[in-house]
Amino acid sequence: MLVIVCSKDTITSQITINSFPHLQQLNVKRCLSENKLWKMIIAESPALFILERDFSPNLLELCRKIKNSISNTAIIILTKSFDRQFYISAFQIGVDDIVLCPFIPMLFFLKCFNLIKRLKGTTIIREPTRLGGYTPERFFKRNRVTFDLETGEIFSAKEIITVLGPKELTLFSILLREIGRFVSADEIKRIVFRSLETNDSTVSTIIKRLRRKLSKTKVAKIETKRKLGYGLILI
């Protein structure tokens, strides 16, 4: 799990980094500029960002872009003073916590570690387009398995596990988007097959095909509930 410390102040960076024990599952890196930060985001999909308030003149806008770029990542801001309006604005855009400096290293580490534990395992990255914007949710990551929601490829670090066909990919994208809710057969007919006249057996067939392919990933499965429909369960 990658933690990025964004600070131009060497002392603050060192104190923050030293707050983290040498745990095998945590990799803590320092970042000195916004340009480098975006390269790290795309290459490594960090679990936690720790940003010093003076890191960027438009820090809140930077936080907003991070939240729009990666789902299920945490942001902590380090500040040396209390500013009520800044706190309100930061929390409104989704910042997870604001910590006053100086802080107690062990308590700070526990705060960070608990945030990471709550988010562990599920990361969605919006990949940059050629125009410098972000396409919505192209890559979905679960543990060490990545789903490419444009090509249908499902792969680990070493190999392609399986590839979803066009309709299987559409179905998976719907179930992922609606995670926590059961999607009805009629919704699947309307969105995947573009026709409510589609036979129930056709829906059952594509569910079975997707279920079989997801079983190879060992990170997701489809649950069926009578009268409610189908739901994606993350393992």
Side-chain angles (χ1 to χ4, degrees), residues 1-5 17 20-29 31 37-50 66-76 94 96-97 109-128 134-166 168-183 206-225 230-235:
M1 304 292 284
L2 177 63
V3 177
I4 295 183
V5 178
I17 292 172
F20 289 82
H22 294 291
L23 300 178
Q24 186 175 1
Q25 65 267 41
L26 284 181
N27 181 17
V28 185
K29 294 183 178 181
C31 180
L37 176 62
W38 289 114
K39 291 179 182 179
M40 295 171 76
I41 287 174
I42 299 309
E44 306 183 71
S45 60
L48 172 64
F49 295 85
I50 301 171
I66 291 172
K67 283 292 186 178
N68 287 340
S69 302
I70 308 178
S71 172
N72 285 3
T73 193
I75 296 177
I76 293 178
D96 296 273
D97 207 348
F109 163 72
L110 293 174
K111 182 189 292 286
C112 295
F113 194 67
N114 285 335
L115 269 176
I116 292 172
K117 282 200 300 184
R118 289 206 300 269
L119 299 171
K120 183 180 179 182
T122 305
T123 307
I124 296 176
I125 306 173
R126 280 90 167 173
E127 188 183 44
Y134 286 88
T135 56
E137 305 180 1
R138 173 172 177 179
F139 294 108
F140 170 72
K141 285 191 174 185
R142 179 69 179 175
N143 297 334
R144 297 184 179 181
V145 177
T146 300
F147 297 73
D148 188 328
L149 301 184
E150 285 189 7
T151 66
E153 292 181 346
I154 304 175
F155 53 91
S156 64
K158 297 181 180 179
E159 61 181 355
I160 293 178
I161 299 171
T162 188
V163 179
L164 302 181
E168 296 163 355
L169 179 58
T170 301
L171 175 58
F172 177 77
S173 298
I174 296 166
L175 296 176
L176 178 62
R177 188 183 65 214
E178 301 296 334
I179 198 164
R181 182 179 79 83
F182 285 87
V183 178
I206 195 171
I207 288 290
K208 287 178 183 177
R209 290 202 327 242
L210 180 56
R211 185 176 273 143
R212 184 168 59 250
K213 290 184 177 181
L214 290 181
S215 68
K216 297 177 183 179
T217 71
K218 300 180 181 179
V219 298
K221 64 180 182 179
I222 298 174
E223 182 178 347
T224 304
K225 268 199 176 179
Y230 308 92
L232 185 68
I233 305 296
L234 300 179
I235 305 171

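The analysis underlying the following values was restricted to heavy atoms, covering all of them including side chains, and did not include hydrogens, waters or symmetry mates.
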Visitor: Find the distance between CG (L115) and CD1 (I76) and round it off to the nearest 0.5 Å.
Guide: 5.0 Å

Visitor: For side chain to side chain contact (heavy atoms under 4.5 Å, CB included), just list the numbers for T162 and I160, CA-CA rounded to whole Å, side-chain angles, deciding distance to a tenth of an Å, and then say yes or no.
Guide: CA-CA 6 Å; T162 188; I160 293 178; 5.9 Å; no

Visitor: Please name all residues satisfying salt bridge (Lys or Arg N to Asp or Glu O under 4.0 Å) with K29, sequence neighbours left out, ordered by chain then number.
Guide: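 Result, salt bridge (Lys or Arg N to Asp or Glu O under 4.0 Å) vs K29: E44.
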
Visitor: Looking at L48, V28, D97, which hits side chain to side chain contact (heavy atoms under 4.5 Å, CB included) with C112?
Guide: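 Going through the options one by one, the only one that passes is L48.
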
Visitor: Go through D96 and K111 one step at a time and tell me if the salt bridge (Lys or Arg N to Asp or Glu O under 4.0 Å) criterion holds.
Guide: CA-CA 11 Å; D96 296 273; K111 182 189 292 286; over 6 Å; no

Visitor: Partners of S156 by side-chain hydrogen bond (donor to acceptor under 3.5 Å, both in side chains), sequence neighbours excluded?
Guide: none

Visitor: Taking ring pair (Phe, Tyr, Trp, His ring centres under 6.0 Å) as the test, write out the residues that go with Y230, two or more places apart.
Guide: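 Once residues adjacent in sequence are excluded, Y230 has no partner under the ring pair (Phe, Tyr, Trp, His ring centres under 6.0 Å) criterion.
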
Visitor: Enumerate the salt bridge (charged side-chain N to carboxylate O under 4.0 Å, His left out) contacts for residues 212-224, please, sequence neighbours excluded, ordered by first and then second residue.
Guide: E168-K213

Visitor: Would you say L149 and F139 make side-chain contact, with heavy atoms under 4.5 Å?
Guide: no

Visitor: Identify, with sequence neighbours excluded, every residue that meets side chain to side chain contact (heavy atoms under 4.5 Å, CB included) alongside L110.
Guide: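 Checked L110 against side chain to side chain contact (heavy atoms under 4.5 Å, CB included); matches are M106.
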
Visitor: Using side chain to side chain contact (heavy atoms under 4.5 Å, CB included) as the criterion, list what pairs up with S215, not counting sequence neighbours.
Guide: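 S215 satisfies side chain to side chain contact (heavy atoms under 4.5 Å, CB included) with no other residue.
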
Visitor: List in chain and number order the residues that pass salt bridge (Lys or Arg N to Asp or Glu O under 4.0 Å) with R181, two or more places apart in sequence or in another chain; answer none if no residue qualifies.
Guide: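 In terms of salt bridge (Lys or Arg N to Asp or Glu O under 4.0 Å), with neighbours along the sequence ignored, R181 is linked to E178, E187.
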
Visitor: Identify the heavy atoms of V145 and I154 that sit nearest to each other, and give their distance.
Guide: CG1-CG2, 3.6 Å

Visitor: Between R144 and T217, is there a side-chain donor-acceptor contact under 3.5 Å, judged purely by atom types and distance?
Guide: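 R144 and T217 do not have a side-chain donor-acceptor pair below 3.5 Å.
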
Visitor: Looking at CG of N27 and CD1 of I4, how far apart are the two atoms once the value is rounded to the nearest 0.5 Å?
Guide: 9.5 Å

Visitor: List in chain and number order the residues that pass ring pair (Phe, Tyr, Trp, His ring centres under 6.0 Å) with F172, two or more places apart in sequence or in another chain; answer none if no residue qualifies.
Guide: F147

Visitor: Report the distance from atom CD1 of I179 to atom CG of L175, rounding to the nearest 0.5 Å.
Guide: 9.0 Å

Visitor: For the atom pair NZ (K67) and CZ (F49), what is the distance rounded to the nearest 0.5 Å?
Guide: 9.5 Å

